[in-house]
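The analysis underlying the following values was restricted to heavy atoms, covering all of them including side chains, and did not include hydrogens, waters or symmetry mates.
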Amino acid sequence: MSGQRPDSERPLPLSNRTDDNVQGHWLLARLGKRVLRPGGVELTRTLLARADVSGADVLELAPGLGRTAAEIVARHPRSYVGAESDPDAAKVVRGVLGGDRDGHIEVRVTDAADTGLPDASSDVVIGEAMLSMQSDTAKHAIVAEAARVLRPRGRYAIHELALTPDDVAADISADVRQSLARAIKVNARPLTIAEWSQLLTGHGLVVEHVATAPMALLQPRRVIADEGLVGALRFAKNVLTNPDARKRILLMRRTFRRNRERLTAVAIIAYKPA
Ligand SMILES: C[S@@+](CC[C@H](N)C(=O)[O-])C[C@H]1O[C@@H](n2cnc3c(N)ncnc32)[C@H](O)[C@@H]1O
């Protein structure tokens, strides 16, 4: 896309935290990773195909570093609005999108629960790897906001971390949540697929499609698929040459591996009834 700057020149989300205590997604970003969601680019593409963004007014909640934003804009939506709470990340997304295309592209620094968009103004709302890190109250507020801004027949597409199976015992899910919190320094609260679906239906949406992918964020094959060979090699070099970051990444990887039977990536598309 014209006007794009190379990744290396873009500002990265600032955090005054060091590599051993920064949130896991910003640590990955510092090390050069751009895809920060559990099911990777492949599950995102399934989501985008199902959500049908071409010609649509699209709202993306928490675009992060703009990888999905670029995929959405490449599919020629009528308009794109990103709602990102981190001002530095929002700047990165604006850089990735490279210009405002006659007011049809906008990235707002705002909470996803309060986008400032009018009622029934979007055909598609997309949010990836952002509900899992919210409290129950915030999850409800964000889903209510998505339902509010959707037009009838509009689609809400989410891509999140899920606990599995649906009847996982409470002590096991508490244990998974605790070890995730220790490793990624985010109070991650993934739900089961049934609970994610209930969250959406509880706000008047109808679940249309559910897809899953292994939670393989840090597995070499997935890193190459998501970042390309050059990006994956750059990420590996950055991890290997930075001892504090390496310790964190190894802990994250061990935690994901240890819990691989308990965690999955899930994409759900729900629509607002007419
Ligand atoms: C794990 S990253 C995922 C980024 C991107 N969606 C992706 O999948 O690569 C989480 C993102 O959610 C953003 N975020 C977290 N809570 C938010 C909120 N309440 N409103 C808007 N953005 C939020 C963070 O700033 C960050 O960019």
Side-chain angles (χ1 to χ4, degrees), residues 1-15 17 19 22-48 53 58 60-75 80 82-99 105 107 109 112 126-130 132-133 157-161 184-186 188 213-242 245-246 248-249 252-253 256 265 267:
M1 194 181 308
S2 66
Q4 270 194 340
R5 283 183 293 156
D7 272 1
S8 54
E9 288 177 25
R10 291 190 195 117
L12 273 183
L14 288 178
S15 167
R17 294 186 168 207
D19 284 351
V22 70
Q23 290 181 321
H25 50 283
W26 293 145
L27 175 67
L28 293 173
R30 283 181 188 176
L31 296 168
K33 202 155 176 3
R34 293 293 174 267
V35 174
L36 306 174
R37 64 209 81 131
V41 162
E42 201 178 322
L43 196 58
T44 295
R45 291 191 179 136
T46 304
L47 196 73
L48 292 181
V53 298
V58 179
E60 185 183 10
L61 305 175
L65 300 177
R67 263 294 160 87
T68 295
E71 298 243 354
I72 292 169
V73 168
R75 287 167 169 75
Y80 170 91
E84 168 60 57
S85 61
D86 185 295
D88 296 312
K91 242 183 258 169
V92 175
V93 182
R94 289 189 199 109
V96 167
L97 298 180
I105 294 181
V107 183
V109 178
I126 291 185
E128 297 180 288
M130 58 84 62
S132 299
M133 63 170 66
I158 68 169
H159 174 173
E160 295 291 341
L161 194 55
I184 61 177
K185 314 276 185 208
V186 173
M215 164 50 180
L217 186 67
L218 291 177
Q219 283 180 20
R221 195 180 305 170
R222 173 69 70 72
V223 177
I224 293 170
D226 283 352
E227 311 297 337
L229 189 56
V230 173
L233 288 172
R234 187 173 47 224
F235 175 66
K237 177 178 156 266
N238 290 339
V239 173
L240 290 173
T241 54
N242 181 332
R246 190 169 70 232
R248 281 285 308 281
I249 296 293
M252 284 165 68
R253 222 174 85 157
F256 297 156

Legend entry - Between CH2 on residue W26 and CG on residue L31, distance to nearest 0.5 Å: 13.5 Å

Inset, instruction - Just do the side-chain contact (heavy atoms from CB on, under 4.5 Å) check on F256 and L161 with the steps written out, would you? - result: CA-CA 11 Å; F256 297 156; L161 194 55; over 6 Å; no

Legend entry - side-chain hydrogen bond (donor to acceptor under 3.5 Å, both in side chains) evaluation trace for R67 with T44: CA-CA 10 Å; R67 263 294 160 87; T44 295; over 6 Å; no

Inset, instruction - Apply salt bridge (Lys or Arg N to Asp or Glu O under 4.0 Å) to E160 and list each qualifying residue two or more places apart in sequence or on a separate chain. - result: none

Which pairs would a plain distance check flag for residues 213-229, meaning a side-chain donor or acceptor within less than 3.5 Å of a matching protein atom at least two apart in sequence or in another chain?
unit_1 : atom_1 : unit_2 : atom_2 : d
R222   : NH1    : P38    : O      : 2.8
R222   : NH2    : P214   : O      : 2.8
D226   : OD1    : V41    : N      : 2.9
E227   : OE1    : R34    : N      : 3.1
E227   : OE2    : K33    : NZ     : 2.7
E227   : OE2    : R34    : N      : 3.2
E227   : OE2    : V35    : N      : 3.0

Inset, instruction - Write down the atom of L43, the atom of A265, and the distance for their closest heavy-atom approach. - result: CD2-CB, 4.0 Å

Legend entry - Residues forming a side-chain contact (heavy atoms from CB on, under 4.5 Å) with V109, sequence neighbours excluded: P87, A90, R94

Legend entry - Distance-minimising heavy-atom pair for D88 and D86: N-OD1, 2.9 Å

Inset, instruction - Quick one: pull up CD1 in I158 and CZ in R37 and give me the separation to the nearest 0.5 Å. - result: 14.5 Å

Inset, instruction - Over all heavy atoms of both residues, which pair between V93 and L65 is shortest? Give the atoms and the distance, please. - result: CG2-C, 4.2 Å

Legend entry - Interatomic spacing from CG in L27 to NZ in K185 - rounded to 0.5 Å: 10.5 Å

Legend entry - Under 3.5 Å: donor-acceptor pair, side chain of E60, backbone of G82: no

Legend entry - L48 vs I72 side-chain heavy atoms within contact, under 4.5 Å: yes

Inset, instruction - Please tell me if the side chains of I126 and V53 come closer than 4.5 Å, counting only heavy atoms from C-beta onward. - result: yes

Legend entry - Non-hydrogen side-chain atoms of L28 and M252 separated by less than 4.5 Å: yes

Legend entry - Considering all heavy atoms, the nearest R246-V239 contact: CB-O, 3.4 Å

Inset, instruction - With sequence neighbours left out, write down each residue that passes salt bridge (Lys or Arg N to Asp or Glu O under 4.0 Å) with R45, or none if nothing qualifies. - result: E71

Legend entry - Residues which pass side-chain contact (heavy atoms from CB on, under 4.5 Å) with A83, listed by chain and number, not counting sequence neighbours: L59, L61, T110, T115

Legend entry - Closest contact, heavy atoms only, H159 versus E128: ND1-OE2, 2.9 Å

Inset, instruction - Work out which heavy atom in G66 is nearest to a heavy atom in V96; give both atom names and the distance. - result: O-CG1, 3.7 Å

Inset, instruction - Starting from the C-alpha separation in whole Å, work towards a yes-or-no answer on side-chain contact (heavy atoms from CB on, under 4.5 Å) for M133 and Q23. - result: CA-CA 11 Å; M133 63 170 66; Q23 290 181 321; 5.6 Å; no

